[in-house]
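Beneath this line is the structure, given in structure tokens, with notes to follow.
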Amino acid sequence: MKKKIAGLVLLLAVMAVVGIVFLVQGQQRDTTEVTGYLGGEKIGLFEDPEVQDILMENYGLKAEYSRAGSLDMVTADLEGRDYLFPSSSIALEYYEDVHGNPRQSDIIFNTPIVLYTHRPILEAFAQQGLITEEEGVYYVDMAGLVALIQNDTQWSDIGVPQLYGSVSVDTTDPSRSNSGNMFAALLANVLNGGNVVTAEQVDAVLPGLQQIFGRLGYMETSSSDLFAQFLRLGIGAKPIIAGYESQLIEYAAENPEGYQQIRDDVVMLYPSPTVWSSHVMIALDEEGSQLLEALLDPKIQQIAWEKHGFRTGNFDASQDAAALSVNGVTEAVTRVTQVPDYDVMKRIIDTLGGI
């Protein structure tokens, strides 16, 4: 009798295990691996475990990537790629110029171009009348800053004698990286009297752009590399850089102890005016379209802002800066100029690429 009971218990246990296995297998969904080219500033988002879990559990997707500059990815080998995720609509228009219309495209995030600098330079710029502070947010007069650069103003002339050479803003290579060509677009408008440069006006501003960028020497091809150098090398090597608002927000979220060490020195300046950088996903096939739609998930959009600093795809939407651990972030970006159209930007990029 005992043997029969033991056998029955064993049988029931085996049946339970088999049932659980079938249940789990039934609940598991097929996983689709999606691969493409990604701007370096979004790597932290794609490697975020929360984002990966949402993509896997809700959409059955695993996002893989290779890092590439926004313009470089357009002309890269696209064999086996499902998507491109550059950082501007200019890259989308470049893609359309080279390859034709993609299967699908949409703006997933927006982020403004900002300047990163150090406290002594902020104070020197304030003495020059270039800084406006509103509720703890710093704005820099771009026309005044460009005048300092064009006049070959020495750092010592504005009260920063510890720095060698003349005032300049380091940026990425505008012929290869989006943050560089967005900053070039901003400078072009400033050189055009604050008006958006047209095809008829672009030749007049090109010499000024060549002068500004020609003094910079070697330029990084990745905004993430430039920002890392800025933090690592300090004020002497990188006094000011142009980058994305998202970069400091993400750094503070991922490295709270590191941010506490630099928060009294590193300052984010919003150019007045600035330009928006639109992070456009270009879907090359059905798998790319699935990832595009998944990234619009409200939970992913919230994580993208609070942990990685990317604003939503809506230009007009304000974001809750109180949810961030970074000081000096504006609720809404309002001091904005438009990026010149594609033909003008292509002319600018081609010219600066020959420096």
Side-chain angles (χ1 to χ4, degrees), residues 39-48 51 87 109-123 125-126 131-140 142 145 169-172 177-180 182-183 186 220 222-235 237-272 274-279 301-312 318-336:
E41 70 287 337
K42 293 184 284 291
I43 288 176
L45 176 75
F46 268 49
E47 293 187 347
D48 188 312
V51 172
S87 306
F109 311 116
N110 285 298
T111 187
I113 294 295
V114 301
L115 303 184
Y116 290 110
T117 191
H118 301 268
R119 185 70 54 177
I121 294 174
L122 169 69
E123 294 169 355
F125 282 174
I131 300 296
T132 302
E133 181 183 356
E134 296 180 7
E135 299 180 350
V137 178
Y138 294 106
Y139 299 89
V140 58
M142 283 304 296
L145 177 56
V169 177
D170 280 296
T171 184
T172 55
S177 170
N178 178 70
S179 60
M182 288 296 98
F183 188 58
L186 174 57
E220 299 283 353
S222 167
S223 56
S224 57
D225 290 344
L226 178 61
F227 185 70
Q229 292 284 355
F230 169 77
L231 295 180
R232 187 178 301 118
L233 300 179
I235 188 172
K238 303 288 183 185
I240 316 175
I241 67 167
Y244 299 110
E245 176 194 53
S246 59
Q247 290 175 288
L248 187 60
I249 297 172
E250 181 179 68
Y251 178 80
E254 294 186 344
N255 304 276
E257 293 183 3
Y259 176 66
Q260 288 302 316
Q261 294 176 3
I262 66 169
R263 66 179 301 166
D264 292 332
D265 174 52
V266 171
V267 182
M268 181 162 56
L269 305 177
Y270 288 88
S272 182
T274 188
V275 291
W276 281 107
S277 181
S278 301
H279 298 261
Q301 292 275 309
Q302 182 180 1
I303 293 169
W305 167 242
E306 295 181 357
K307 293 177 64 178
H308 303 280
F310 294 108
R311 295 176 184 260
T312 66
S318 62
Q319 308 290 153
D320 182 13
L324 308 176
S325 56
V326 176
N327 296 327
V329 178
T330 185
E331 291 282 343
V333 181
T334 57
R335 305 180 185 189
V336 179

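Judged by distance alone, the side chain of T171 and the main-chain N or O of A242 form no donor-acceptor pair under 3.5 Å. Checked by atom type and distance alone, the side chain of Y244 pairs as donor or acceptor with a backbone atom of S179 at under 3.5 Å.
With a 4.5 Å cut-off on side-chain heavy atoms, T132 and S272 do not count as touching. Considering only heavy atoms from C-beta on, V140 stays 4.5 Å or farther from T117 through its side chain. Side chains of Y116 and V114 form a contact here, defined as non-hydrogen atoms less than 4.5 Å apart. Here the side chains of I249 and F310 are not in contact, with every heavy-atom distance at 4.5 Å or above. Residues Y259 and V266 are not in side-chain contact: their nearest non-hydrogen atoms beyond the backbone lie 4.5 Å or more apart. Annotation: side chain of I240 is in contact with side chain of F125 (closest heavy-atom distance under 4.5 Å). Residues T274 and Y139 fail the side-chain proximity criterion, which asks for heavy atoms closer than 4.5 Å.
Every pair tested for salt bridge (Lys or Arg N to Asp or Glu O under 4.0 Å) that includes a residue from residues 255-267 fails, sequence neighbours excluded, so the list is empty. Note on residues 243-256: pairs passing salt bridge (Lys or Arg N to Asp or Glu O under 4.0 Å), not counting sequence neighbours, are E245-R311.
The CH2 atom of W276 sits 5.5 Å away from the CG atom of N110 when rounded to the nearest 0.5 Å. Remark: I241 CD1 to L231 CG distance equals 7.0 Å, nearest 0.5 Å. Atom CG of D170 and atom NZ of K238 lie 4.0 Å apart (nearest 0.5 Å). In this structure, the separation between CE on M182 and CG on N178 is 5.0 Å, given to the nearest 0.5 Å. Atom CD of E306 is separated from atom OG of S325 by 10.5 Å, given to the nearest 0.5 angstrom. Residue L122 holds its CG atom at 11.5 Å from CG of L115, rounded to the nearest 0.5 Å.
Contact between P271 and L186 at its shortest, heavy atoms only, is CB-CD2, 3.9 Å. Between Y138 and R119, the shortest heavy-atom distance links the atoms OH-NH1, 3.5 Å. Nearest heavy-atom pair across H118 and V267 is C-CG2, 4.3 Å. Looking at every heavy atom in both residues, T111 comes nearest to G309 through OG1-O, 4.3 Å. Scanning all heavy atoms of the two residues, the minimum distance from Y270 to P112 falls at CE2-CG, 4.3 Å. Taking both residues in full, the closest heavy atoms of A304 and F109 are given as CB-CE2, 3.4 Å, listed atom of the first, atom of the second, then distance.
Taking the charged nitrogens against the carboxylate oxygens, E134 and R335 do have a contact shorter than 4.0 Å, which makes a salt bridge.
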Sequence neighbours excluded and cut-off under 3.5 Å, please list the side-chain donor-acceptor pairs for residues 222-229, or say none.
residue: S222; atom: OG; partner: S224; partner atom: N; Å: 3.3
residue: S222; atom: OG; partner: S224; partner atom: OG; Å: 2.7
residue: S222; atom: OG; partner: D225; partner atom: N; Å: 3.4
residue: S223; atom: OG; partner: E41; partner atom: OE1; Å: 3.4
residue: S224; atom: OG; partner: R67; partner atom: NH1; Å: 3.1
residue: D225; atom: OD1; partner: R67; partner atom: NH1; Å: 3.3
residue: D225; atom: OD2; partner: R67; partner atom: NH2; Å: 3.2

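Between F46 and H308, the gap from one ring centroid to the other reaches at least 6.0 Å.
With no hydrogens or angles considered, no side-chain donor-acceptor pair links K42 and S246 at under 3.5 Å.
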